[in-house]
Protein chains: 2
Amino acid sequence: MTIHDVARAAGVSPATVSRVFNGGKVTPARALSVQEAAAALGFAPNRVARSLRKQRSSVIALIIPDIENPFFTSLARGVEDAAQRTSLSVVLCNSDEDTEKERRYLEVALGEQMAGVIVAAASQDETDLGPLTDRGVPVVAVDRRPRDAEVDAVRVDNHHGGEVATRHLLQAGYRRIACITGPEGASTSEERLAGHRAALSAAQGSAAAAAADNTYIRHADFRVEGGRVAMRELLALPEPPDAVFVANNLMTIGVLDALGEAGRTPPGVGVLSFGDVPWASLVRPSLTAVELPSYELGRTAADLLLQRRDGSLSPVQTVVLRTKLQVRESTAGPAGS
Amino acid sequence: MTIHDVARAAGVSPATVSRVFNGGKVTPARALSVQEAAAALGFAPNRVARSLRKQRSSVIALIIPDIENPFFTSLARGVEDAAQRTSLSVVLCNSDEDTEKERRYLEVALGEQMAGVIVAAASQDETDLGPLTDRGVPVVAVDRRPRDAEVDAVRVDNHHGGEVATRHLLQAGYRRIACITGPEGASTSEERLAGHRAALSAAQGSAAAAAADNTYIRHADFRVEGGRVAMRELLALPEPPDAVFVANNLMTIGVLDALGEAGRTPPGVGVLSFGDVPWASLVRPSLTAVELPSYELGRTAADLLLQRRDGSLSPVQTVVLRTKLQVRESTAGPAGS
DNA sequence: ATTGACGATGAAATCGTTTTCTGTCAGCGT
DNA sequence: ACGCTGACAGAAAACGATTTCATCGTCAAT
């Protein structure tokens with residue numbers, strides 16, 4: 001079932017059939033007979049052959065590091081909705097925070113001549129976008145920023161978000177504020193931690209100065225289990241923290257679990273999550289969180305990709321979206337106050 | 001950068017380069033020089049050309065109806081882990097419960113000559129797998145069963161699960177048991193509801209007989225909002241139910257929200273969820289749920305696909321996995337007892 | 001009526017692989 | 001020494017679309 005069969009059935013040449021399907025100029029009468037023949041034969045064009053000839057397919061890849069994290073699935077919907085309005089299809093690839101898996105997916109995207117790639121990089125250093133950009137494939141980095149890659153990017157203001165978060169805890173009266181951040185080497189981890197540190201430094205001279213060292217800093221893996229383990233460690237310290245800034249949504253769940261085990265609950269211990277805790281409505285008491293525009297992140301990334309594809313948007317561009325502190329505590333403050 | 005360039009650099013023919021990359025018989029010396037040339041040039045084979053020639057690509061598509069539902073993302077991980085051990089890559093497509101989007105993805109899968117398709121169908125009737133199966137593409141239906149499609153399938157025992165769930169509520173002493181199920185036309189909706197009805201019928205003669213009509217039956221959309229709305233409706237009835245069997249995890253979240261609004265909480269009102277509520281550890285008091293083997297569902301589907309691809313596994317096969325009732329209530333029973 | 005212009009059409013080249021088919025050469029048995 | 005066998009290499013034909021280029025009409029203007 002090829003374009004030739006349709007051509008023969010309709011009594012025209014393959015070229016004409018192709019033109020009918022691609023909006024070339026064809027006499028209405030002929031066009032109609034081609035349509036009919038195609039429908040009768042149940043013809044569906046071979047996208048592989050088309051991609052080979054055009055040197056470009058019509059699907060774009062979205063590579064994310066954790067498909068079980070609602071932040072990324074929401075981002076994915078943003079990408080999809082934006083692509084929806086074009087003729088492009090989106091396929092999702094889950095790198096599982098594994099640079100090797102990610103490498104394979106990037107290789108697939110390149111080999112399949114994909115129309116573009118949106119990637120939330122598993123690593124700042126090992127993620128190599130060179131082969132893609134060298135071949136002129138439009139690439140947009142979203143959420144995470146790969147080191148020295150000259151690609152368009154969309155991210156949130158992590159430093160600012162972290163700073164606002166920790167400042168909020170300070171203002172609520174907490175003094176021994178811990179930070180559980182993500183893996184070293186991830187841009188998001190580092191920036192959120194830096195924001196946290198900046199807020200503490202700014203409060204220097206007060207009791208917060210004591211926390212300037214690394215006693216209350218933990219690096220975990222951005223997953224529930226990592227948050228749980230890190231929080232247990234912090235609780236086991238001789239002088240446990242009275243509040244914790246958690247650098248992502250899933251780790252916050254682990255933190256809340258660990259607190260529950262120890263019989264503590266917010267706001268007795270301050271908990272501030274970077275990123276909405278999924279289905280937060282079920283969590284009582286409600287949590288304050290730095291809200292991330294995950295959907296918009298995806299949508300913006302897709303828009304950038306489409307513009308880049310069009311040839312508009314010449315210089316490389318980075319869009320930074322603002323976070324918003326969503327205060328949900330009814331009565332905030334440390335247990336003792 | 002094609003196979004020809006590598007061939008020229010290595011002083012061999014393109015055919016030989018191809019053989020080196022595909023395990024054909026080649027003199028070690030030549031093979032080495034090809035490897036070196038390829039590495040030096042940074043050659044990556046064009047998968048599109050390969051797919052065109054081989055009439056089959058090396059990626060499989062997984063089409064799911066809701067990427068924001070942890071049940072499906074867990075299933076996706078199962079698929080991926082199983083495929084991991086082969087040379088196949090998995091790409092995810094989100095149909096969003098929209099048969100039109102699903103149709104497009106199926107078309108893409110066909111046109112891209114994908115090595116196989118695993119699909120959790122958005123609809124029982126409108127999902128047309130014919131074009132795929134006609135062309136000999138291996139297809140596995142997972143979770144949802146498309147009507148009269150002769151494909152391998154993996155699903156859970158929905159009827160049994162629904163029956164066990166409602167029986168559990170009956171045994172806990174609830175008498176006016178409602179059921180919020182999914183959209184009409186989805187196999188999972190229907191089967192779970194049928195199980196619910198079977199359990200009620202079996203209890204006939206008791207007060208449960210009153211619930212045999214449709215007063216307490218609601219069809220919603222398998223999403224949080226649908227559950228919330230349906231539960232509000234039920235609560236507004238002259239004689240509201242004292243328990244509810246909710247046919248999926250997300251709707252249960254909406255139900256719990258609606259109950260919260262009304263100042264009710266389990267076990268004052270019985271709530272039994274079909275499928276684990278995501279991050280259930282945060283929900284207090286804990287919920288009883290019919291546990292679904294989502295990961296295994298995915299893994300089994302991928303295994304079936306791989307077997308079908310190998311040519312083993314001649315007759316069409318359906319694997320039914322068992323659900324497990326996970327009781328998590330400390331003190332169960334209606335408010336009045 | 002002749003020429004020019006323009007628009008639709010088909011033939012054929014092309015995209016980059018895989019694979020068949022044919023050839024060559026070395027080694028071996030007789 | 002001759003032929004046979006077998007293994008490996010290369011030439012060339014696929015795969016199914018798009019697209020260039022040439023051709024053929026048709027129509028209008030002079």
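These numbers come from a predicted model, not from an experiment. Chain letters run A, B, ... following the sequence lines, proteins first, then strands; residues in each count from 1.
Taking atom NE2 on A:His4 and atom P on D:dG16, their separation rounds to 9 Å, with Å as the unit. Remark: P of C:dC15 and CE of B:Met1 are 15 Å apart, rounded to the nearest angstrom. The CD1-C1' distance, from B:Ile3 to D:dA11, rounds to 14 Å in whole Å. Residue A:Arg8 contributes atom CZ, which lies 12 Å from atom P of D:dG16 at whole-angstrom precision. Rounding to whole angstrom units, CG of residue A:Leu110 and C1' of C:dG16 are separated by 14 Å. Between A:Lys25 atom NZ and C:dC6 atom C1' the separation is 12 Å, expressed in whole Å.
Look at B:Thr16 and you'll find a side-chain N or O under 4.0 angstrom from OP1 or OP2 of D:dG10. Dashed line: the shortest gap from a side-chain N or O of B:Thr27 to OP1 or OP2 of D:dA7 is not under 4.0 Å. Taking side-chain N and O atoms only, B:Asn46 has no distance below 4.0 Å to OP1 or OP2 of C:dC15. Between A:Gln55 and the phosphate of C:dG16, there is a side-chain N or O to OP1/OP2 separation shorter than 4.0 Å. One finds no side-chain N or O of B:Ser51 lying less than 4.0 angstrom from the OP1 or OP2 phosphate oxygen of C:dT17. For the pair A:Arg50 and D:dT18, the criterion of a side-chain N or O lying under 4.0 Å from OP1 or OP2 is met. An OP1 or OP2 oxygen of C:dT17 is reached within less than 4.0 angstrom by no side-chain nitrogen or oxygen of B:Arg56. Applying the 4.0 Å criterion to OP1 and OP2 of C:dG10, one finds that A:Ser13 has a side-chain N or O inside that range.
Counting only N and O atoms by type, the side chains of B:Glu102 and B:Thr127 include a donor and acceptor under 3.5 Å apart.
Across D:dT18, C:dG16, C:dT17, the shortest atom-to-atom separation from the side chain of A:Ser18 is found for D:dT18. Residue A:Arg30 has its side chain nearest to C:dG10 when only C:dG10, D:dA9, D:dT19 are considered. Checking D:dA11, C:dT14, D:dA9 against every side-chain atom of B:Val26, the shortest atom distance belongs to D:dA9. Set against C:dG16, D:dT18, C:dT17, the side chain of B:Leu52 has C:dG16 as its closest nucleotide.
Residue-level contact check: A:Val12 touches the backbone only, with heavy atoms under 4.0 Å from sugar-phosphate atoms and none from bases. Residue contacts for B:Phe21: at a heavy-atom cut-off of 4.0 Å it reaches no nucleic acid atom on any strand shown. A:Val48 comes within 4.0 angstrom of nothing in the nucleic acid, heavy atoms only. At a threshold of 4.0 angstrom between heavy atoms, the contacts of A:Arg19 include nucleobase atoms, whether or not backbone atoms are also involved.
For a distance-only test at 3.5 Å, the side chain of A:Arg53 qualifies as a donor-acceptor partner of the base of D:dT18.
Surrounding CD of A:Glu126 are at most 12 heavy atoms belonging to other residues, nucleotides or ligands under 6.0 Å away.
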Verdict with reasoning, A:Phe43 to A:Phe21, per ring pair (Phe, Tyr, Trp, His ring centres under 6.0 Å): CA-CA 11 Å; A:Phe43 168 77; A:Phe21 279 85; 5.5 Å; yes
Test log, rule side-chain contact (heavy atoms from CB on, under 4.5 Å), inputs B:Val140 and B:Val154: CA-CA 8 Å; B:Val140 176; B:Val154 188; 4.2 Å; yes
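Remark: A:Arg223 does not engage A:Glu97 in a salt bridge, criterion side-chain N to carboxylate O under 4.0 Å. Ion pair B:Arg77/B:Glu80 not flagged as a salt bridge, since none of the NZ, NE, NH1 or NH2 atoms sits closer than 4.0 Å to an Asp/Glu carboxylate oxygen.
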